[in-house]
Amino acid sequence: MTSSIVVIDRQRTVTGHWPVPEERRTVTVLFADIVGSTGLVDRLDPEDVRALQRAYFDTVAGVLHRWQGVVEKYVGDAVMALFGARHSDGFDAYRAVRAGLEIQAALDRRPMVGDIRLRVRVGVATGEAVVDLGGAVSGGHGVASGAVITTAARLQEYAEPGSVALCAATARATAGLITQRQLAAVPVAGRVPPMPVWHAVGPVRPGTDRHDGPLIGRRRELATIRDQVSQAIREHSPRWLSVVGPTGSGRSRLLHELTRGLTTVDGVSVRWCVATCQPYPDQVLAPAADLLRGLAGVRHGDGPAVVHDRLVAALTSLFPPERVAAAVPALQRLLATPDSSTAALAGAAICRDVLLRVAAHQPLIVAVDDVDRAAPAMSRFLHALFSAATARGLPLALITVHQPQWADTRPSPARRMTIGPLATVQSGRLLRHLLSRAGQPVTLADRLLPLVGGRPGHAAAYVASLVDGADPAALPLPEALRRCVGAELDHLDGERRAVLMAAGTLGGVISGAAVDRALGWTPGRSAPALRGLVAAGLLLPHRTGGYAFAAPALRQVAAERLPRALRAVFGRRVAAVVGLDTVRPDVVRSDVVRSDVDRAGADPAGAGRAEVNGKAVRRAEVVTLDAVRARNSRLGAAVARTNRLDAVFAASPSDVSRHRPRSPTVTTSPAASTRGTGPRLRRLRAVTSTGGVPPTRGSTTSTHAGGHRAPGADRASASIRVVPAVPVSAERTAPADVGSPPGVVRALPRPPVAHWADGLAASA
């Protein structure tokens with residue numbers, strides 16, 4: 001006797017420490033419920049009810065897991081699943097709808113108990129939710145929280161039995177991938193206006209992207225690929241070129257330009273075979289079948305007789321007649337069902353042989369786009385093709401196009417060529433062309449330019465959002481762009497993802513020290529992750545040191561992933577330390593400079609104050625030269641002179657008096673004037689890193705404007721003498737930012753003025 005058991009994984013996924021335990025994510029929720037379950041259960045014996053539930057849950061859970069859905073809970077006869085809860089590929093909504101359609105088909109085919117057939121309603125909704133990353137496994141109750149869950153449940157109630165109902169966001173996310181039919185809007189309690197609903201009909205084969213506009217930029221990349229391909233064909237030395245670029249960089253556009261422009265090499269005609277790996281194909285060898293279709297001229301929808309005739313015509317000049325008769329049926333099976341079955345694998349081997357024989361007669365270029373979506377079987381197919389062509393010395397070039405995060409599972413002989421961002425001038429030309437073609441004001445190019453980050457796909461997404469009615473004054477991040485960028489983040493492991501999200505909350509240039517402080521890590525821990533993000537193309541090294549985001553949309557999505565509470569924690573941690581190493585490239589900042597009286601709190605009348613011309617001023621925070629050196633190399637001269645004083649400071653008081661060391665000072669601009677008291681002056685004092693602790697009030701020698709040491713001062717205990725701050729010239733500092741909080745002063749990154757005090761009279 002066999003039994004069917006629902007297996008629920010209630011164990012948390014065994015992974016390393018996840019630095020950010022919760023995220024605000026765009027997820028897709030599927031809610032499925034049995035139609036008329038109450039009346040059905042009342043008619044059945046409890047044992048039959050139990051058997052029926054097991055068969056039903058087994059069927060639904062199997063489909064959901066196959067489409068990478070996470071079963072969050074079973075509520076009576078209802079099943080709730082999440083897609084994109086922990087990792088997203090940009091096609092979460094597509095996978096959820098495909099799972100809903102497959103659930104309906106599976107239940108229609110399979111009687112559950114006896115002759116009982118179940119009918120279910122399925123609702124699919126997409127929206128933002130807070131997700132517990134550690135609990136995002138099957139059986140992890142309470143994983144997600146948000147209105148999207150309620151929306152999915154309401155959609156299920158309004159769906160027809162046997163159908164899959166979609167919300168507006170899901171319909172937009174699956175447009176072009178799923179055939180849809182819009183229904184009448186339905187009223188939902190507590191919501192105005194009524195909720196629009198779409199009905200999913202079935203999957204459709206995605207069409208090819210239109211590339212009818214002029215190619216802007218990429219001349220150097222095109223020339224490089226042309227040279228490599230031409231050399232491979234000319235020398236009969238096969239080459240594998242890997243065209244790598246992030247989402248929206250224009251990889252597919254570049255491949256289209258190559259297929260249209262590279263038609264001959266040294267006067268010899270070149271044959272192209274191109275395939276695109278679709279998102280989650282039903283068959284793992286579908287790209288190989290598409291290569292064969294392109295070679296034989298077979299189109300989707302052709303009948304068996306047409307397919308047979310075209311295969312025979314394509315193979316007649318390549319194989320002897322008896323081989324053609326044996327190969328055609330196997331190739332027909334591959335075209336019909338390109339799965340991982342033995343028959344399909346045999347057809348793929350023949351297809352590979354066909355490509356090699358074509359290359360022996362005519363130079364051949366095989367190109368596979370979006371190969372990062374391909375199954376391992378397709379990777380093995382390409383490697384076997386390239387190895388055989390290399391062994392035979394055929395004029396063949398293999399071009400694969402993929403994202404930077406993808407790595408081939410086999411040792412690859414590919415020559416990698418990275419597609420970088422467009423130059424600013426080229427991005428402006430592209431935006432003006434797209435806006436003009438879309439009938440939008442060309443003047444919007446200036447506003448869009450800083451948002452696209454040199455990625456043509458981002459430019460196209462913003463222009464498309466304007467066509468769809470987006471507010472030109474607000475310019476929100478397009479949904480399609482958010483999905484793609486979110487998938488880029490989810491290629492990362494937990495630590496690098498946390499580093500990127502923390503970096504998104506920091507303004508301007510990103511430093512490892514600031515990221516470490518935000519995450520509460522030990523200094524230097526984020527350095528390997530930052531280097532990995534640069535290698536992945538998500539961060540770029542900045543000319544002033546530190547890092548910058550490769551695309552503005554990436555910074556926005558990374559920052560918005562953080563819950564509000566965690567975002568506030570990160571901000572407090574960074575604000576608690578003087579942030580000279582977390583600055584914009586055009587300013588040197590002294591963020592949240594706190595006075596000694598703020599730190600000590602014990603002597604509000606005199607702590608942390610000095611006198612300048614008889615007026616009391618508050619001293620600024622002390623910053624070590626190590627921190628200054630790490631952020632601004634132009635302080636090197638002052639650092640060197642300070643280091644030479646170490647030996648003097650270690651000497652006796654008499655030696656100190658004889659050598660008369662002078663303290664370098666780093667001066668920032670004065671803060672805005674306060675009413676009635678004149679300007680409030682602040683200065684950052686540079687101290688040596690020896691000892692690692694700034695001098696305390698009790699051990700710091702007080703000074704007066706007259707240049708005389710205060711009576712009773714401890715000469716031996718002071719590491720560097722305190723000198724009062726005085727106004728600096730306008731030519732050397734920038735005015736304080738208007739609207740900055742009290743204590744925040746900013747200065748342009750000119751070389752800091754380092755003056756050596758003569759006695760005690762020092763000025764900046």
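Hydrogens, waters and symmetry mates are skipped; everything else that's a heavy atom, side chains included, is used. Sequence positions, counted from 1, serve as the residue numbers for this chain.
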Ignoring hydrogens, what is the shortest heavy-atom contact between [X] and [Y]? Give both atom names and the distance.
{"X": "H458", "Y": "A551", "result": "CE1-CB, 4.0 Å"}
{"X": "R497", "Y": "R86", "result": "NH2-O, 3.3 Å"}
{"X": "L295", "Y": "C273", "result": "CD1-SG, 3.6 Å"}
{"X": "A99", "Y": "F83", "result": "CB-CZ, 4.0 Å"}
{"X": "S436", "Y": "V442", "result": "CB-CG2, 4.3 Å"}
{"X": "T170", "Y": "A93", "result": "CG2-CB, 4.1 Å"}

Inset, instruction - Evaluate side-chain contact (heavy atoms from CB on, under 4.5 Å) for R95 paired with Y280, printing each intermediate quantity in order. - result: CA-CA 8 Å; R95 289 186 286 113; Y280 294 94; 3.2 Å; yes
Answer yes or no: is there a side-chain heavy-atom contact under 4.5 Å between [X] and [Y]?
{"X": "R253", "Y": "P456", "answer": "no"}
{"X": "M417", "Y": "V244", "answer": "no"}
{"X": "I225", "Y": "L254", "answer": "yes"}
{"X": "Q556", "Y": "V485", "answer": "no"}
{"X": "L262", "Y": "V265", "answer": "yes"}
{"X": "L431", "Y": "L444", "answer": "no"}
{"X": "H433", "Y": "P214", "answer": "yes"}
{"X": "T505", "Y": "V574", "answer": "no"}

Strictly by modelled atom types, are [X] and [Y] linked by a side-chain donor-acceptor pair under 3.5 Å?
{"X": "S252", "Y": "D369", "answer": "yes"}
{"X": "T174", "Y": "Q180", "answer": "yes"}
{"X": "D516", "Y": "S526", "answer": "yes"}

Legend entry - Candidates L489, L566, L500 - the one meeting side chain to side chain contact (heavy atoms under 4.5 Å, CB included) with R561: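 Passing option: L489.
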Inset, instruction - Sort out for me which residue in L466, L430, T443, V467 forms a side chain to side chain contact (heavy atoms under 4.5 Å, CB included) with L435. - result: L466
Strictly distance-based, threshold 3.5 Å: is any side-chain N or O of [X] a donor or acceptor partner for the main-chain N or O of [Y]?
{"X": "S249", "Y": "P246", "answer": "yes"}
{"X": "R415", "Y": "L241", "answer": "no"}
{"X": "D227", "Y": "T224", "answer": "no"}
{"X": "R447", "Y": "A473", "answer": "yes"}

Inset, instruction - Please identify each residue that fulfils side chain to side chain contact (heavy atoms under 4.5 Å, CB included) with A232, with sequence neighbours left out. - result: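 For A232, the residues satisfying side chain to side chain contact (heavy atoms under 4.5 Å, CB included) (neighbours in sequence not counted) are R239.
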Roughly how far, to the nearest 0.5 Å, is the [atom2] atom of [Y] from the [atom1] atom of [X]?
{"X": "I365", "Y": "L396", "atom1": "CD1", "atom2": "CG", "result": "8.5 Å"}
{"X": "Y547", "Y": "L530", "atom1": "OH", "atom2": "CG", "result": "5.0 Å"}
{"X": "R432", "Y": "L449", "atom1": "CZ", "atom2": "CG", "result": "8.5 Å"}
{"X": "D372", "Y": "C277", "atom1": "CG", "atom2": "SG", "result": "8.0 Å"}
{"X": "L519", "Y": "F570", "atom1": "CG", "atom2": "CZ", "result": "4.5 Å"}
{"X": "D471", "Y": "S465", "atom1": "CG", "atom2": "OG", "result": "10.5 Å"}

Legend entry - salt bridge (Lys or Arg N to Asp or Glu O under 4.0 Å) against R293, all qualifying residues, sequence neighbours excluded: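 Listed in chain order: D290.
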Legend entry - All salt bridge (Lys or Arg N to Asp or Glu O under 4.0 Å) counterparts of R24, not counting sequence neighbours: E128
Legend entry - Aromatic ring pairing W67/Y94, orientation class (parallel under 30°, perpendicular over 60°, tilted between): perpendicular
Legend entry - T28 vs T126, side-chain hydrogen bond (donor to acceptor under 3.5 Å, both in side chains): CA-CA, chis, key distance, verdict: CA-CA 4 Å; T28 299; T126 300; 3.0 Å; yes
Legend entry - Heavy-atom neighbours of R66 CZ exceed 12 at 6.0 Å: yes
Inset, instruction - Given salt bridge (charged side-chain N to carboxylate O under 4.0 Å, His left out), test R482 with E479 step by step and report yes or no. - result: CA-CA 5 Å; R482 185 181 298 277; E479 288 183 4; over 6 Å; no
Legend entry - Partner of Q231 under side-chain hydrogen bond (donor to acceptor under 3.5 Å, both in side chains), chosen from R234, E235, Q228: E235
Legend entry - Side-chain ion pair, D468 and R172, N-O less than 4.0 Å: no
Inset, instruction - Would you sort out whether R373 and F91 count as a side-chain contact (heavy atoms from CB on, under 4.5 Å), showing the intermediate values? - result: CA-CA 11 Å; R373 301 176 185 170; F91 295 96; 3.5 Å; yes
Inset, instruction - Start with the C-alpha distance between L562 and V20, add both sets of side-chain angles, then the distance that settles side-chain contact (heavy atoms from CB on, under 4.5 Å), and finish with yes or no. - result: CA-CA 8 Å; L562 290 170; V20 180; 3.9 Å; yes
Inset, instruction - Under the side-chain contact (heavy atoms from CB on, under 4.5 Å) rule, what do E23 and M501 come out as? Steps first, then yes or no, please. - result: CA-CA 10 Å; E23 288 184 8; M501 288 190 290; 3.4 Å; yes
